[in-house]
Undergrad: 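Okay, here's the structure, questions in a sec.
Chain A is the first sequence line, chain B the second, and so forth, proteins listed ahead of strands; every chain is numbered from 1. Any value given below was found using the heavy atoms of this structure, including those in side chains, with hydrogens, waters and symmetry copies removed.
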Amino acid sequence: MANDGPDTKILRWNFKKGSASIFKKYSPENPGKHITDTNQYIELDPVKFDFCTELSPLPKLIKGMYKQLYINKLIKKMFDTEYGRGLLKVFRTKYRPRIAIDIIRQTLEAKGIKKPKVAEKKEPDLSVLKQKIIAFAQDQDFLARFTKIDRRFIADEKDEYFPYDTLLLLGRRMEKDQVMEIPHPGYKTRKLYIYETYKEAGKRVHRVADFIRSHGYKCLARVPIDGMVKVGPHAVNAGFGQFTTNGLVVTQELGTSIRFCAISIDADIPIDHPRDLNADEFCSRCRLCQKCCPVTAIPKEAFEWRGGMKRKVHDKKCLSSLFSPDNPLCGICLKVCPYNNFGYDKCMDKIPQYYRYNTMDSILDRSS
Amino acid sequence: MESDLFVFGDVNQQGNANVSMDTTIESLLTDSARGIKDDKGVKLIQIGGPLGICLSKENLHDRLKTYESNLRSNTILFLSDSTCPVDFARFLTRYVTRELRVTSNRIEELATIIDNISNGTATEKDLARLASNGFTEQYPESDLARLIYFLVKEFRSEFLDHIIHRRCKPGICRRLFMAQCINACFAEVHVPGFVALMAEGKLDEAYGLMRRSNPFSFVCGRICPGFCESACRRGQIEDTVGVRALKAYTRDLAFEIVDYKEDISSYRGRKVAVVGAGLAGLTTAYFLAKTGYEIVVYEASKTVGGKISLMFSEEILPAEMINNEVQLIKNLGVVIKTEKTVGKDLSIENLKDTHDAILLATGQRKDISSADEKTELTENGFIDIDPKTHETNQRGVFAAGDVHMLGSPAEIIAEARHAAEAIDKFLEGKGLYPGKEIEIPEPQLYYGIWDIKPEDGLTSTPTKEAAKREALRCLRCDRNSRKSR
């Protein structure tokens with residue numbers, strides 16, 4: 001795993017001046033590659049995936065710009081309806097100021113303009129530090145797990161935002177009463193389920209980062225609304241859960257109504273390993289998300305996409321429903337999923353009981 | 001000596017139990033675990049973790065200390081009658097390869113064969129390779145091989161059912177059937193399609209879809225215990241979809257079924273005689289007549305219907321309901337001659353002169369006078385037939401229904417369809433014609449599907465809005481993919 005040289009580093013797009021090769025240069029070390037490639041619970045062909053990552057035709061920055069233009073066009077249409085105007089007003093007054101403060105803070109920290117204070121004395125025992133961080137995160141209503149970063153899931157040109165190797169993933173739940181209001185979010189509770197989670201998580205992730213700094217280690221926090229890192233694959237590597245039919249991660253404690261944010265830490269904390277929750281046994285007998293999607297963005301069969309066999313959600317269709325005037329902030333796949341309505345434990349009770357052996361780690365003895 | 005065991009599985013109470021090693025497994029089941037759920041029977045017991053020893057219900061009276069050496073982990077698992085041993089074997093191989101990350105040539109071979117059995121592409125030779133005795137002594141390969149050997153030996157008939165008939169009775173190997181309800185129905189009626197057509201209000205098409213598998217749909221609706229409802233996926237999670245209530249609604253609205261237009265295939269076949277106008281005889285006559293054969297039914301008594309017209313009271317199953325569906329069979333051109341006893345008024349030899357094949361469906365009778373001396377009987381007095389072709393020892397004479405084996409109405413209808421296929425094959429036909437294809441709608445399901453609660457008293461005839469709401473509750477399991485991912 002600790003292979004220096006081009007085997008673990010990956011080629012990235014790079015528009016900065018003064019680099020040796022035109023447009024592409026090597027990224028820093030990629031320690032998470034080993035975890036993703038040897039993860040038994042996902043279907044990925046590592047050779048093909050590496051090839052596709054290096055050969056990405058357009059840098060993600062330009063693709064992102066096209067996406068933003070499409071979203072702006074959709075938002076303009078939302079202005080035509082009464083309900084759409086109301087939602088946008090709630091977003092602008094209630095959520096945008098607070099989220100903007102967190103985003104500005106993270107950008108200043110990442111670019112080195114504002115250097116937060118790190119304590120002098122380092123905590124010597126890393127396992128003790130890990131327990132302390134998890135306890136503090138639980139106080140802040142987070143679920144916390146550690147993993148190594150896999151740079152194939154980081155956006156181009158943003159490697160400087162994740163300078164360290166260990167990644168701490170924090171998951172916050174989306175409140176059930178807000179999710180059950182879909183497709184009319186905010187009707188009774190006056191809160192939007194997506195942005196409420198983003199606001200609360202963004203506030204608290206900086207507190208966790210300050211807590212880590214107070215124990216003497218450097219770290220950089222990222223708010224959940226930020227799109228520079230794909231949190232799904234990292235969450236699966238960290239052992240939160242597995243992928244479901246519509247591409248969300250299902251966890252034992254919170255089902256699929258969970259949103260993640262990340263902190264990269266400059267310490268070699270012992271990481272958590274991927275777990276098998278047998279989510280596919282239940283998903284394959286349900287598939288309600290695929291049947292209820294209003295724009296049929298979720299395909300019926302799995303196909304190969306950049307080396308992995310998955311049901312890749314059709315981006316443009318899903319976006320068009322997210323900003324549609326009829327059911328804004330869609331989320332219908334979230335609402336019909338039995339993992340959210342009944343919880344993971346009750347759902348797993350309805351398939352044969354021997355599948356529970358996978359989650360009985362504390363009782364089983366795996367050595368000979 | 002006391003020790004802690006974690007008891008789980010299909011039991012009423014799961015959890016830790018502190019018991020002495022002298023207790024029997026049965027007393028552990030009844031005292032600590034409060035028995036098996038839903039009063040089912042025990043099928044499998046596993047002690048000591050996923051690679052521990054597996055026992056059948058013959059070992060229920062053993063004491064726990066017999067298996068103390070197998071307690072690598074302190075767990076004991078009880079599995080009930082609704083377990084599929086093929087799926088259990090599949091789980092064990094996946095556990096070894098994915099969780100313990102161990103693989104070898106033998107383990108890969110076992111995994112491939114079991115996966116093939118589970119998706120219907122295996123042969124009987126594969127089963128022999130599975131149970132071969134080449135054990136190594138290496139953990140975990142030895143434990144896995146021993147467990148699979150035990151499962152194949154104990155449940156050989158279920159493995160063969162998966163391989164030869166491509167059928168999973170408990171309804172767990174999902175790649176062998178379209179939906180759990182269709183799998184549970186003896187006649188394999190397309191239940192999700194029926195419910196979907198009801199949600200759109202298309203009563204005629206819903207009835208036509210049911211008649212592709214079962215010509216006595218409304219009659220069965222009154223007397224069937226509803227195996228589809230017991231196997232409903234939604235019923236396992238929450239509350240079942242009220243299929244019987246929807247059928248009652250269809251029937252009460254569609255009582256003008258005498259105007260229902262049946263369609264017949266354009267093939268013109270030969271003549272078949274059916275002896276006995278009970279469920280078995282009339283169902284076979286229906287399937288063969290739709291395929292284009294000329295059928296004549298001989299019935300000894302004055303009324304048609306057989307045992308179902310006698311077994312059930314007038315409130316549960318009115319005679320008019322039976323007669324309505326019999327009339328639809330007559331509309332296909334089937335001639336029913338009542339008060340003609342075969343064996344007295346005419347003999348089988350007479351029938352052989354005028355017809356190309358004969359079906360005996362006279363039901364339970366003390367003397368099988370319709371059969372002549374040449375027909376062979378089993379030792380119980382039933383007519384002996386080849387189980388695959390339904391043919392008696394006389395060439396061209398077949399038997400179906402109670403006359404060869406007692407069965408419930410649902411089983412008899414399913415069997416009659418097989419008999420019709422066999423007769424069609426014997427007469428060199430091209431297969432049965434079940435009716436024209438009916439398109440089943442596939443709309444986007446309603447986003448509030450979990451918010452619709454079943455209404456009280458839905459088993460009686462519902463209103464139109466209640467029927468539509470009930471039909472929207474179906475999860476449409478027939479639309480799921482059947483591939484392995």
Undergrad: Can you list the steps and then say if B:Gln444 with A:Ile332 is a side-chain contact (heavy atoms from CB on, under 4.5 Å)?
TA: CA-CA 11 Å; B:Gln444 299 312 108; A:Ile332 286 187; over 6 Å; no
Undergrad: If you measure from the Lys or Arg side-chain nitrogens to the Asp or Glu carboxylate oxygens, is any gap between A:Glu281 and B:Arg174 under 4.0 Å?
TA: no
Undergrad: Select one option (side chain, backbone, both, neither) describing which atoms of B:Pro443 are under 4.5 Å from chain A's heavy atoms.
TA: backbone
Undergrad: Quick one: of A:Met309, A:Lys335, A:Arg285, who has the most non-hydrogen atom pairs under 4.5 Å with chain B?
TA: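 It is A:Arg285.
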Undergrad: Any idea which of B:Ile172, B:Asn74, B:Ile449 has the most non-hydrogen atom pairs under 4.5 angstrom with chain A?
TA: B:Ile172
Undergrad: If you tally heavy-atom pairs under 4.5 Å against chain A, which of B:Gln14, B:Glu442, B:Glu238, B:Arg482 wins?
TA: B:Gln14
Undergrad: Could you check B:Phe78 against A:Gln353 for side-chain contact (heavy atoms from CB on, under 4.5 Å), going step by step and ending with a plain yes or no?
TA: CA-CA 9 Å; B:Phe78 290 101; A:Gln353 288 287 322; over 6 Å; no
Undergrad: Taking A:Lys310, A:Arg287, A:Lys346 one by one, which has the highest count of heavy-atom pairs under 4.5 Å against chain B?
TA: A:Arg287
Undergrad: Using the rule side chain to side chain contact (heavy atoms under 4.5 Å, CB included), only one of A:Lys300, A:Gln290, A:Lys291 pairs with B:Asn480; which is it?
TA: A:Lys291
Undergrad: Assess the side chains of B:Arg94 and A:Gln40: does a donor N or O sit below 3.5 Å from an acceptor N or O?
TA: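 There is no such pair (donor and acceptor under 3.5 Å, judged by atom type) between the side chains of B:Arg94 and A:Gln40.
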Undergrad: Looking at B:Phe6, B:Tyr446, B:Phe88, which one has more heavy-atom pairs under 4.5 Å with chain A than the rest?
TA: B:Phe88
Undergrad: Using non-hydrogen atoms and a 4.5 Å limit, figure out which bit of A:Arg275 sits close to chain B: side chain, backbone, both or neither.
TA: neither
Undergrad: Is the CZ atom of A:Phe303 crowded by more than 12 outside heavy atoms at less than 6.0 Å?
TA: yes
Undergrad: Show the nearest heavy-atom pair for residues A:Pro338 and B:Trp450, with the distance to one decimal.
TA: CG-CZ2, 3.7 Å
Undergrad: Hey, which of A:Cys283, A:Ser284, A:Pro352 has the most heavy atom pairs under 4.5 Å with chain B?
TA: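 Most heavy-atom pairs under 4.5 Å with chain B: A:Ser284.
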Undergrad: Kindly check if the number of other-residue, nucleotide or ligand heavy atoms within 6.0 Å of CG (B:Asp39) is above 12?
TA: no
Undergrad: Mind running side-chain contact (heavy atoms from CB on, under 4.5 Å) on B:Leu51 and A:Tyr357 for me, showing each step along the way?
TA: CA-CA 10 Å; B:Leu51 293 176; A:Tyr357 275 129; over 6 Å; no
Undergrad: Using heavy-atom distances under 4.5 Å, tell me whether A:Cys286 contacts chain B through its side chain, its backbone, both, or neither.
TA: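 It is the backbone, since no side chain atom gets that close.
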Undergrad: Tell me whether B:Lys468 at atom NZ has more than 12 heavy atoms from other residues, nucleotides or ligands lying less than 6.0 Å away.
TA: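 Atom NZ in B:Lys468 is not packed in, count stays at 12 or less.
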Undergrad: Is chain A contacted by the side chain of B:Thr97, its backbone, both, or neither, given a heavy-atom distance below 4.5 Å?
TA: backbone
Undergrad: Kindly give the heavy-atom pair with the smallest separation between B:Tyr447 and A:Pro183, and that separation in Å.
TA: CE1-CD, 3.3 Å
Undergrad: Are there more than 12 heavy atoms of other residues, nucleotides or ligands under 6.0 Å from atom CD of B:Glu439?
TA: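 Open: at most 12 neighbouring heavy atoms sit under 6.0 Å from CD of B:Glu439.
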Undergrad: Using a cut-off of under 4.5 Å on heavy-atom pairs, state which of B:Arg233, B:Gln236, B:Gln180 scores highest against chain A.
TA: B:Arg233
Undergrad: Above 12 or not: heavy atoms from other molecules or residues under 6.0 Å from NZ of A:Lys191?
TA: no
Undergrad: Closest approach of A:Tyr41 and B:Arg101, non-hydrogen atoms and distance?
TA: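 Scanning both residues completely, I find the closest heavy atoms to be OH-NH2, 4.2 Å.
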Undergrad: Does a donor on one side chain and an acceptor on the other come within less than 3.5 Å for A:Tyr354 and B:Asp87?
TA: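 Yes, because at least one side-chain N or O of A:Tyr354 sits under 3.5 Å from a partner of the opposite role on B:Asp87.
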Undergrad: Please state whether the side chain, the backbone, both or neither of A:Asn327 comes within less than 4.5 Å of a heavy atom of chain B.
TA: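 For A:Asn327, there is no contact with chain B at all, as no heavy atom is under 4.5 Å.
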Undergrad: With a 4.5 angstrom heavy-atom cut-off, is it the side chain or the backbone of A:Phe282 that approaches chain B, or both, or neither?
TA: side chain
Undergrad: Listed by chain and number, what are the side-chain hydrogen bond (donor to acceptor under 3.5 Å, both in side chains) partners of B:Lys483, not counting sequence neighbours?
TA: none
Undergrad: Taking side-chain contact (heavy atoms from CB on, under 4.5 Å) as the definition, give me every residue that meets it alongside B:Ile182, ordered by chain and number, with sequence neighbours left out.
TA: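 If we apply the side-chain contact (heavy atoms from CB on, under 4.5 Å) test to B:Ile182, skipping adjacent residues, the hits are B:Met178, B:Ala179, B:Glu188, B:His190, B:Pro192.
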Undergrad: If you look at every heavy atom in A:Asp276 and B:Glu99, which pair is closest and at what distance?
TA: CB-OE2, 3.0 Å
Undergrad: Measure B:Ser481 against the heavy atoms of chain A and call it side chain, backbone, both or neither at under 4.5 Å.
TA: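 Answer is both: backbone and side chain atoms of B:Ser481 are under 4.5 Å from chain A.
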